[in-house]
Structures are given as C-alpha cells and as structure tokens.
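Encoded as structure tokens, the structure appears first; notes follow it.
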Amino acid sequence: MSYTIEQIAASLGAQAFGDVSISITGAAEPAMAGPDDLALALSPAFVADLATGHARAAVILPDTDWQAAGLQAAIIAPRGRLAMAGLTQMIDAQPAFSAVGDIHPSSVTDGAWIGAHCSIGPFTHIAAGARIEAGARIGSHVSIGAGTLIGDNATIHSGARIGPRVTIGQGVVIQSGAVIGADGFSFVTEGVSGPEQAKATGGCKKLTPPEKGEWHKIHSLGGVEIGDDVEIGANSTIDAGTIRATRIGRGTKIDNLVHIGHNVTVGEDCLLCGQTGIAGSVVIGNRVVLAGQTGVGDHHTIGDDVVTGAGTMILSNVPAGKVLLGYPAQRMDQSIASYKALRRLTRKPQTDK
Amino acid sequence: MSYTIEQIAASLGAQAFGDVSISITGAAEPAMAGPDDLALALSPAFVADLATGHARAAVILPDTDWQAAGLQAAIIAPRGRLAMAGLTQMIDAQPAFSAVGDIHPSSVTDGAWIGAHCSIGPFTHIAAGARIEAGARIGSHVSIGAGTLIGDNATIHSGARIGPRVTIGQGVVIQSGAVIGADGFSFVTEGVSGPEQAKATGGCKKLTPPEKGEWHKIHSLGGVEIGDDVEIGANSTIDAGTIRATRIGRGTKIDNLVHIGHNVTVGEDCLLCGQTGIAGSVVIGNRVVLAGQTGVGDHHTIGDDVVTGAGTMILSNVPAGKVLLGYPAQRMDQSIASYKALRRLTRKPQTDK
Amino acid sequence: MSYTIEQIAASLGAQAFGDVSISITGAAEPAMAGPDDLALALSPAFVADLATGHARAAVILPDTDWQAAGLQAAIIAPRGRLAMAGLTQMIDAQPAFSAVGDIHPSSVTDGAWIGAHCSIGPFTHIAAGARIEAGARIGSHVSIGAGTLIGDNATIHSGARIGPRVTIGQGVVIQSGAVIGADGFSFVTEGVSGPEQAKATGGCKKLTPPEKGEWHKIHSLGGVEIGDDVEIGANSTIDAGTIRATRIGRGTKIDNLVHIGHNVTVGEDCLLCGQTGIAGSVVIGNRVVLAGQTGVGDHHTIGDDVVTGAGTMILSNVPAGKVLLGYPAQRMDQSIASYKALRRLTRKPQTDK
C-alpha cells in the first residue's frame, strides 16, 4: 500500500508542508528510515536522527524546523501520539487473518450460528448454541463455548478461550491466549478458616487449623459481559461471576497477563496495564488508569478518573480523581514524600557514626 | 432444572421456612431476581434489595426477618458462603463439555489409554503412552504429554497443556491455558555470575561481567505430581522438577496466572490467589493461604496455617500460624504499624515548616 | 539410556573416583536414589541423605568424603550446578516431540516453507509465508503467523503463539502458551488524559474527565526479533514494536508469565525471572538479572550487569553494575537498611509508652 503525504495529512486532520506528492509505503524511526518510509520524529532525539536516516518526509511536532532537518516534506502533528494512532492504523495491513468470509475447513462449528462475512481460522471450535455476529474475525485454535455471543466485527486472536455464557460486544479485540469466563476463585471451608481467624485477630495471634478445613467450591454461573470496543491482552484472564456477570465497560483496554476476578465491574474507557490484578467483587469507575502490576484487594470500590503508578497496591476504597502510588497505596505526592523520608532515616545514622 | 425450596434446604442441610413448595430454576442477586430465582441475600445490603427484585424466596442469614422483606419462603444459612457452595453446585449445569463417553472424531489419541466414560473435545491431542482414567472430562485443544496420568473424574478445560511426566490426581480441575510440566527456570554460568557476586558483597559493590557468562540449562527430568481434588487456575504455570517432581498437595486450590517454580512442594488444602509467584525449591505447609500477588523467594520454607495479605513479599522462612503483610513481609499488625509510622514521618516536617 | 561413571565424568570435564565402570540410568536426590541412579549430593544435607538411599555413585562437592558416605564411586564437581546442567542434559530424553522429520498429517502448513528434518505436531498451523529452518521441532497446537521466521533447531512447545512478523533465532526454546508478537498496549486520547494530568500536577490535584476520553489505538507494525539461544517461559508475552521490532538479545532466558512491552530492547545473556514485567520502550543491557516479580516502568534504561531482588520496582534509570531491591528500587544494602529502620520506628513508640 502506498500513500502520499497529502493523503496521510488529510486522513490525520493535520497540516502538511513541502512536496506533499511524495509517496511512502511504511513508517520508521528516523535513523532507520529509507526514502519510502515516513519518519516519525516526535521527540527532539528523533529529530536529531533525521540526518542519519534517509527519510524524505516525516511527522514532526509544531516547533521542529523540517527544512533544516533536510526533509522534503513534513506533517505537523500537535498531538504526536494521536497522529501515530491514525497513521499506524492506515498502514497496518493486518495479515494475520484469513480473507473475509473464509471459514477454514478444519474448524468445527456444528450447531453454532455464524453471521455474514465472518472469517474463522484453522482448528477453531465454536460450540453448539454460540452465536457469531457479522464480520467477526476469529483466528486459529480459538474455543468459543456454549451460550456465548461474539459481537459484530470483533477480532479474536489465535488460542483465545471464551465462554461459556460470555457476551462480547461489537468491535472487541481479544489477543492470543486470553481466557474469558473461567470459573471464579471462590472457596469456603465448613470450619473457621485461617483468613477468617486472621481478620478477627488482626494477625497478632497464631492461627490454628480449622476443624473442617477442606475448601468447597462456589460455582460460577454468571458468565462475563464485555462492552463494545474493549480490548483484552494476551494471556489475560477474566473470570465468570457467581450469579451475575463479571462486567467490562465499553472502550476499556486491558493489557497482557492481567487478572480480573469474579463479580468485578470495570467501567468505561479504563486502561488496565500489564500484570494488574483485580480481586473478586471490586467495582471500578470510568476512565480509571491502573499502571503495570497494580493490585486491588477484594470488594473495594474505585471512583472515576483514578490513576495509579506502577506496582501500587490498593487495600481500601478510593474516591474519584485520586492519583495513587505505593505499597500500600497513598496519594502519589505523599507516597513519594514517604519513600524519601524513609531514605533520609537510614542516611542519618550512617553520618552520625 | 427446577428445585423446590424444601429440596434445596435438605441438600444444604439448612432450615427452610414459609411455603417450601415454591420451585426455583436459578439463583440471582436480590435486585435482579425474577419470581423463579432464589435470591441470595447474605449481607444487609442485599436484604434491602429484596424489595426491588421479584424473588419469592431467598437464602438469608439467621437474623434476617424474611417476612418483613416480603418473601414467601426462606432458607436460613448460618454460614452463608457455604450454602452458596452447595447451591451453586446444584444449579451448575456444566454445559461446557461433550456428553459422557463422547470422544470427538477430530481428537488425536493414538497409543494413549482412555478409560471408560471419558469425554474428549475437538482438536485434543493425547500422546502415546499417556493414561486417562475413567470419567475424565477433557475439553478442546488440550495437549497431554507422554508418560502423563490423568486421574478419575478429572476435568481439563480447553487449551490446558499437561506433561510430559505429570501425574494428576482424582477429581482435579484444570482451567484453560494452564501449563503443567514445562521446563524449570534453572540456569548456571561457568564464571561467577552477577547474582553470585551480589550475594557475596551484599550489593554494595559494582558488579562486573563474569568471564564465561553464558547460561547453561539444568534440564527438568522430574515432572509434576498433583494430588486429588486440586484446582488450578487459568493460565497458571507449574514447572517440572529437576530430578524429582514438583508437588501440589491434595485439596489445594490455585488461582489464575499463578507461577509455581521447579522443585516446589505445596501442602494440602492451601489457597494460592491470583498472580502469586513461588520461586524454585520453596516448601509450603498445609492450609496456607497466600493472597493475590504474594511472592515467595526461592528455597524458603513456609509453615502450616500461614496467611498473607495482598502483595506480600516473603524473603525468609516463615513459622507456622503467622499472618503476614508487606514488602518485605512482616507480621500483619507490625506491618500496618510500620506503614502508619511512615506516613506520620512525612506529615511532621510539613507541619513544622 | 545407560552411562558409566567414567563416561559421565568425561562429558562433564570432571574427575571420577572409585569403581568408575558402574552404570547408571537416571539421576535422583540421595534419599530417593536406587542402585541404578546417580545421586546428586551437592549440599551437606544431601550428603547426609546418601545413607538413606541406595545409590552406588554420586556427584559430590570437593570436600565430601565419598567413601565414608558408603559410595562405590563418585564424581567431584567443584561447580555443582554446572555439573547438573551437563548431567541433566545427557539424561534428558526429550520425549515430548515426534520423531525428526515427522510432520503430523493433521497440521496445516500450506504455503509455508519447511526446512529439512523439522518435526511438527498435531493441529499446528503455520501460515502461508512463514519460514521454518532446518531441524526445528514444533509441538502440537502451535500458531505461527505470516512473515515469521523460525531459526534452525528451534524448539516451540505446544500452544505457543508466534507472529506475525516475528524472527526467532537458532536454537531458541519457547515454552507452552507463550505469545510472541501480540499488539503492543499503546493508546492515546484526543483530550488530556488522566495520566497526563497526573504527570503535570504530581498527583496533588483531583483529576477530571478529559473532553474526548476515548482511547485510540497505536497499531503495532514492528514485530519482534528474538536472538539465538534465547529461552522464553510458559505463558509469557512479548509484544510487537510500533514501527521497529521489540528485541531480545542472544542467550537471554525469560521465565514464566513474564511480560515484555512493545519497543523494549533486552540485551544478551540476561535472566528475567517469573512474573517480571517490563513496560514499553525500556532498554535493558547485557547480563542483567531481574528476580521474580520485578517491575520496570516505561522508557527507563537499565545498564549492563544490574541485578535485582524479588519484587523490586524500578521507576528510574539504573547505571551498570548496580544491585537493587525494594519498592521503589534502592541499592540493595540501603534498601535493607531502610526496611530495618522502618521496623525500629514502630518498636520505639511501643516501648516508650
């Protein structure tokens, strides 16, 4: 595929300068760019690299002198990463899937309802009673369980496991190896378990074996509901709810190796970054952004517009709009002050002695 | 499936009141319950919701006035979550699997031994020399390696990877994407490696490249042994031992995305919650409960009846019966006191100035 | 397979004593060893166990009196774990794969290029345009995408997902369930997002919803490049780069459930232990060893020969040769001093009162 600088700028809603008839076929970092690549030079370091590479055209920030950088054409992107979103989407050829309408003969779909223009890869199994809406693209080795609905134009990558009793919205993207709808981790003993003893005593008393300490499973009957335009990362897991669905709101994006426990409700337009873990029955508002390796203890509520730093451990409810960091979580500025104070604490004795 | 309130109470060993002939076909949260649902109202908030929904019958705690809540019948559950275990098991239809005795024609099982009444899903591969005992239910896309034994009535969900040289007990449940028996992460350099230098110096000296710093692999010959009634969560991994098996004791339940390293021994009736990580050669006692994102450093020993809070990092041996929290782990009450003291530390200078 | 003590010692480059003609067929821990097992007694505890077991020969450290321990033969290994690497490799029968040259008839490989002496397991799909070099061994249920290259003698275990646009070096080992080349987690809003607000204010001001808060995806066009002799653990994920490849250097070993974000560069001969998470665009040097559950925040640079303790959270750049521990990361000795000081802090007020 080939595009002119003019076409790209128009598509991005951005301004172009210089010889806008130049055609490009790909995008590259400035130092590695060839003459047919559009260089992406959205930080000063990358602008300096333009001289090293061979790009004729680049996407740049508003204050960059593109002529001094030796370019023949430039697209000015006031919000650079937004331009990258548009640009990479234009160039993405998405070759991982079969042609539209192509159902691989090795797939097993007896008794499932498959809409128009779907593609289904090799060795995929769609259980009887599942329903795949029009335009869905399903890779190889996918399992889709009974009673599961896949929305229009959803993309399910190879080896994802979905269902039973899962509803996937329109345009949802599920990466390889994600497991949606496995049993929740919910067990109970007849006797008073260790965690129940610990809660009662605050942890200051030695725990003793309960009389009847075998774990009985609370089964998961509630499935999962995934809203429109959600994305779920590779090898992430979203467990089924107990008697109602675990829910992920419209537009929320979930990274790789994230765990969402049973009965959790996540709002709309959230970002949950890599290896974040949400324990059972947590409620998360809209536009919440949890950085990598964040943890949320069970049954807590997190308000709208909360943001955490990496590795934050949330062990209580969080009001809307808070920025948190630390183990356990504090307001970010207070958390940084705490850790600095902790360092000062150990420096003092060393200089005194 | 439909049950009367009387039948359910009898099955749970609980007392029922009111019109016990009422039939229900499912369970629901009180606000969402229809007339044929049994509402589960095991906390005050849920009792208040009974008026919103349309349930005629509910499971309630002993001190709830079921008549005032507008119910026609009630089951009193002194230990509510235990009642939920029994109830959800009754209602669970388990539709994810083929009928008993159904071996899907696409599966490849040449040279494996398959017991009576097993079901095997599409695209499952069972290697020659593996043995599947009677009543095992195996989903789609499962791989079972050579020399692996699956016990009676085990349930292996789609896409699990098991073996080679793995022994799975009776009634074990393995969720989708779990990998049991991959190679342990065990490597050694010829020269003195960075971690060995760090250990020798306590970390206060700059590390230097070892002369022969390539990593040589210690192969995993020991397999994995999983006791009866164990459950293993989605996308969790349990690595093979070096020259003897990695072992998980009877009745232990493991959540999603948990990592169990090579040579680890986990006792009986433990709970290991989401994203917990156990490094190589750790020994864990019985009835240990590790909350989500807990970590245990290699070669440590954890006694019976230990409980941790979320994100606890264990870097030393732990005596039986302890309740731990924090990074690094302390007794829970001391850990909470530490974190409070740390916050006071930063508040003081701010008010002084 | 059977080896004499003399053969094993020669293969390990180690010295043997006693009746070196004794044959062994396996390796075992001393207490469990039978007469045909070579006992591995590389620590004092294991030497004491030799009397319990029935081994005639053992691998021991230089200062062990093998005759007093009742052995008929011994191999002296000055660097014990290195000997274990050689020994376990000799004994490992690697039964998990089909015979060399065996392409299972159920696999789908139309349009892919398959080199000589490759083996491919049941239900594996290799997309048109992929290239598999000579001697590669590919298990069952593997997906290999378009434009992907698998190097000579690579080993891909069952259920791994690779590609599109991924290059795998020679001799690479990929464990089950690993996902190489999924889309990076890279999203941008039109309006000023919560994390951008938090960065601007340091977290002390309540965040407000952006005007246009939907997340737009930056597509991943750059693929992944994996160097020779890399190993990647079960269910780990390595995301594709945006416009250039995410890169893992020669000889680096990655454990289970590790997440490597898009655009990351990892150097040579590193070890990344279980559940470590590396956020996007991080650069890691050579011979870096990150212990289990280590986290690295996005865009940071880590020098050569850095070592971390378990659960370390790196939120800044790290110079070469440092040993780190803690949340947030400090030099290991300072971090330990900090945590000790924190404990003293809470003890004082308790004794004062």
Side-chain angles (χ1 to χ4, degrees), chain A residues 26-29 32 40 79 81-82 84-86 88-89 91-92 95-96 106 121-123 139-141 157-159 175-177 231 233-235 251 253 255-257 269 271 273-275 287 289 292-293 304-307 309-311 320-323 325 327 331-333 339 342-343 345-346, chain C residues 108 123 125 127 141 143 145-147 159 161 163-164 177 179 182-183 185 187-188 190 193-195 197-198 201-204 206-210 213-221 235 237 239 242-244 257 259 261 275 277 279 293 295 297 313 315 327-328 330 334 337-338 341-342 345:
Chain A
E29 291 187 357
M32 293 184 286
L40 302 186
R79 193 156 170 81
R81 294 186 71 237
L82 189 61
M84 280 185 71
T88 54
Q89 187 177 19
I91 297 176
D92 191 355
S106 68
F123 309 122
S140 68
H141 305 93
H157 286 269
S158 61
Q175 301 289 342
S176 288
E231 177 151 350
N235 286 346
K253 314 296 184 184
D255 199 355
N256 297 348
L257 295 168
D269 291 324
L271 286 192
C273 299
Q275 297 176 325
R287 297 171 305 276
V289 178
Q293 299 187 333
D304 292 342
D305 300 298
V306 167
V307 169
K322 288 267 179 193
V323 183
L325 179 72
Y327 180 110
R331 225 176 68 185
M332 186 177 280
D333 54 340
Y339 291 121
L342 184 57
R343 292 185 186 204
L345 211 61
T346 56
Chain C
V108 170
F123 309 122
H125 175 230
H141 305 92
S143 322
R161 314 285 160 205
V179 178
D183 292 349
F185 194 69
F187 296 91
V188 58
E190 280 191 63
S193 69
Q197 292 177 42
T201 63
C204 60
K206 188 180 167 180
L207 305 181
T208 55
E214 296 80 29
W215 295 102
H216 298 271
K217 178 169 181 166
I218 297 178
H219 287 238
S220 298
L221 313 175
N235 286 346
T237 61
D239 279 356
T242 306
I243 53 171
R244 62 151 178 88
L257 294 168
H259 167 60
Q275 297 176 324
Q293 299 187 331
M313 175 56 70
L315 299 173
Y327 180 110
Q330 279 187 277
Q334 289 170 343
S338 289
L342 184 57
L345 211 61

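Scope of the values below: all heavy atoms of this structure, side chains included, with no hydrogens, waters or symmetry mates. Convention: sequence-line order gives letters A, B, ...; per-chain numbering from 1.
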C:H216, C:H125, C:Q197, C:Q293: which one forms the most heavy-atom pairs within less than 4.5 Å of chain A?
-> C:H125
Hey, what do you get for CZ (C:R161) to CG (A:N235), rounding to the nearest 0.5 Å?
-> 9.0 Å
A:R331 portion near chain C, given a 4.5 angstrom heavy-atom threshold = side chain
Interface moiety of C:A279 toward chain A, non-hydrogen atoms closer than 4.5 Å = neither
Interface residue of largest heavy-atom contact number with chain A, from C:G297, C:G277, C:G194, C:S193, under 4.5 Å = C:G277
The interface call for A:L257 against chain C, heavy-atom contacts under 4.5 Å, is side chain
Between chain A and each of C:A341, C:C204, C:G295, C:A198, count heavy-atom pairs under 4.5 Å; write down the option with the most.
-> C:C204
Chain C contact via A:M84 - side chain, backbone, both or neither, heavy atoms under 4.5 Å | both
Sorted by chain and residue number, the ring pair (Phe, Tyr, Trp, His ring centres under 6.0 Å) partners of C:H259 (sequence neighbours excluded) come out as none
Distance in Å, A:L40 CG paired with C:I243 CD1, rounded so as to fall on 0.5 Å steps = 4.0 Å
Which heavy-atom pair separates C:V179 from A:A234 by the least distance, and what is that distance?
-> CG1-CB, 3.8 Å
Turns out that what part of C:T242 lies under 4.5 Å from chain A's heavy atoms comes down to side chain
Which atoms of A:E29 come close to chain C, meaning under 4.5 Å heavy atom to heavy atom: side chain ones, backbone ones, both, or neither?
-> both
At what distance, to the nearest 0.5 angstrom, does CZ of A:F123 lie from OG of C:S143?
-> 9.5 Å
Interatomic distance, CG@C:L207 vs NZ@A:K322, rounded to 0.5 Å, equals 10.5 Å
For C:K217, the salt bridge (Lys or Arg N to Asp or Glu O under 4.0 Å) test, sequence neighbours excluded, returns A:E231, C:D183
Interatomic distance, A:L271 atom CG to C:F187 atom CZ [nearest 0.5 angstrom] = 7.0 Å
If you take all heavy atoms of A:Y327 and C:Y327, which pair is closest and at what distance?
-> N-CE2, 3.8 Å
The interface call for A:D304 against chain C, heavy-atom contacts under 4.5 Å, is neither
